[in-house]
**Student:** 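Have a look at this one.
In the text below, chain A, chain B and the rest are named by the order of the sequence lines, each starting its count at 1. In what follows, every heavy atom counts, from backbone to side chain, and hydrogens, waters and symmetry copies are set aside.
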Amino acid sequence: KQEVTQIPAALSVPEGENLVLNCSFTDSAIYNLQWFRQDPGKGLTSLLLIQSSQREQTSGRLNASLDKSSGRSTLYIAASQPGDSATYLCAVQTGTASKLTFGTGTRLQVTL
Amino acid sequence: GAGVSQSPRYKVAKRGQDVALRCDPISGHVSLFWYQQALGQGPEFLTYFQNEAQLDKSGLPSDRFFAERPEGSVSTLKIQRTQQEDSAVYLCASSGPGGSGTQYFGPGTRLTVL
């Protein structure tokens with residue numbers, strides 16, 4: 001059974017810092033890995049999707065890497081801003097139309 | 001529509017009541033997923049539809065939970081005889097045919113069972 005773990009569970013950083021969120025998964029037979037953002041009381045917003053054949057994806061200040069063989073992914077956020085405060089969720093998918101298995105998330109707070 | 005919509009956004013039920021939660025996926029999306037998110041946890045898979053066919057219901061926690069998508073578009077998640085442990089946010093997601101597999105999520109329905 002696929003299990004996804006995210007570390008740390010919570011993180012507080014001052015504005016402007018670069019930071020790294022970690023995600024690990026137990027079964028390396030994945031189709032893709034996605035990073036989501038969730039604001040309080042809201043649904044999930046997809047940030048980045050990395051196919052199993054890819055090593056990384058970038059969008060603006062966000063960079064996600066994938067090491068499938070070791071079962072790890074990282075989300076790098078550059079020059080953090082208070083608007084980045086949210087919960088970040090990592091999820092893996094084993095097929096194009098299969099379910100997502102989520103981690104428990106990292107709650108990020110960026111302070112002024 | 002522009003995105004996945006869910007209704008109601010909030011539902012309060014007394015223990016033992018039946019509830020029905022609705023999901024309108026993105027037009028043309030053949031795949032539809034339901035997830036349950038307990039407070040402070042990541043979403044957990046409940047069930048999956050491809051068009052009107054329910055291909056996977058392995059995540060439904062009990063036979064009190066039932067989902068349908070009769071015409072391959074709108075889906076309803078029904079919970080019978082609600083219990084306090086059913087209190088959670090219920091998220092719906094849809095994805096298109098082929099492509100990267102990206103799932104687009106609705107805002108969720110927050111169910112509170114008193």
Side-chain angles (χ1 to χ4, degrees), chain A residues 1-10 21-25 29-54 57 59 64 66 73 75 86-108, chain B residues 2-7 9-10 21 23-26 29-51 53-60 67 88-112:
Chain A
K1 179 188 172 184
Q2 179 74 270
E3 293 183 2
V4 181
T5 303
Q6 291 188 245
I7 296 173
L21 307 181
N22 297 291
C23 171
S24 61
F25 46 95
I30 64 169
Y31 179 73
N32 64 38
L33 182 144
Q34 291 182 252
W35 283 93
F36 292 88
R37 168 186 174 136
Q38 186 172 34
D39 293 281
K42 302 289 179 63
L44 278 65
T45 300
S46 180
L47 297 173
L48 290 165
L49 181 148
I50 312 177
Q51 299 288 357
S52 61
S53 58
Q54 298 175 320
Q57 282 287 330
S59 176
L66 174 64
S73 176
L75 179 66
T87 295
Y88 291 80
L89 292 157
C90 163
V92 297
Q93 194 172 22
T94 57
T96 185
S98 72
K99 65 182 182 183
L100 290 166
T101 301
F102 286 86
T104 52
T106 293
R107 191 170 64 254
L108 172 66
Chain B
V4 179
S5 61
Q6 293 185 246
S7 61
R9 291 292 317 278
Y10 303 91
L21 312 180
C23 171
D24 283 84
I26 293 173
H29 277 190
V30 299
S31 298
L32 187 146
F33 301 82
W34 284 98
Y35 295 87
Q36 180 191 57
Q37 186 175 24
L39 189 63
Q41 301 296 314
E44 293 198 355
F45 170 77
L46 294 176
T47 188
Y48 158 61
F49 290 87
Q50 184 170 343
N51 295 305
Q54 189 175 18
L55 298 185
D56 188 349
K57 54 182 181 179
S58 62
L60 296 176
V89 175
Y90 290 85
L91 295 165
C92 175
S94 69
S95 66
S100 63
T102 300
Q103 292 184 19
Y104 299 88
F105 282 79
T109 294
R110 180 177 297 277
L111 172 65
T112 302

**Student:** What part of B/E44 is in contact with chain A, defined as an atom under 4.5 angstrom from a non-hydrogen atom: side chain, backbone, both or neither?
**Tutor:** neither

**Student:** Write down the atom of A/S46, the atom of B/T102, and the distance for their closest heavy-atom approach.
**Tutor:** OG-CG2, 4.2 Å

**Student:** Is chain A contacted by the side chain of B/Y35, its backbone, both, or neither, given a heavy-atom distance below 4.5 Å?
**Tutor:** side chain

**Student:** Which region of A/L89, side chain (C-beta onward) or backbone (N, CA, C, O), has a non-hydrogen atom less than 4.5 Å from a non-hydrogen atom of chain B, or is it both or neither?
**Tutor:** side chain

**Student:** What part of A/Q6 gets closer than 4.5 Å to chain B, counting heavy atoms only: side chain, backbone, both or neither?
**Tutor:** neither

**Student:** Taking atom CZ of A/F36 and atom CZ of B/F105, what is their separation to the nearest 0.5 Å?
**Tutor:** 5.0 Å

**Student:** Minimum heavy-atom separation for B/F45 to A/K99, with atom names?
**Tutor:** CD1-CB, 3.3 Å

**Student:** Do A/Q34 and B/Q103 have side-chain N/O donor and acceptor atoms under 3.5 Å apart?
**Tutor:** no

**Student:** Check B/L91 against A/G43 and note the closest heavy-atom contact, atom names and distance.
**Tutor:** CD2-CA, 4.3 Å

**Student:** Please rank B/Q37, B/R110, B/Q41 by heavy-atom pairs under 4.5 Å with chain A and give me the top one.
**Tutor:** B/Q37

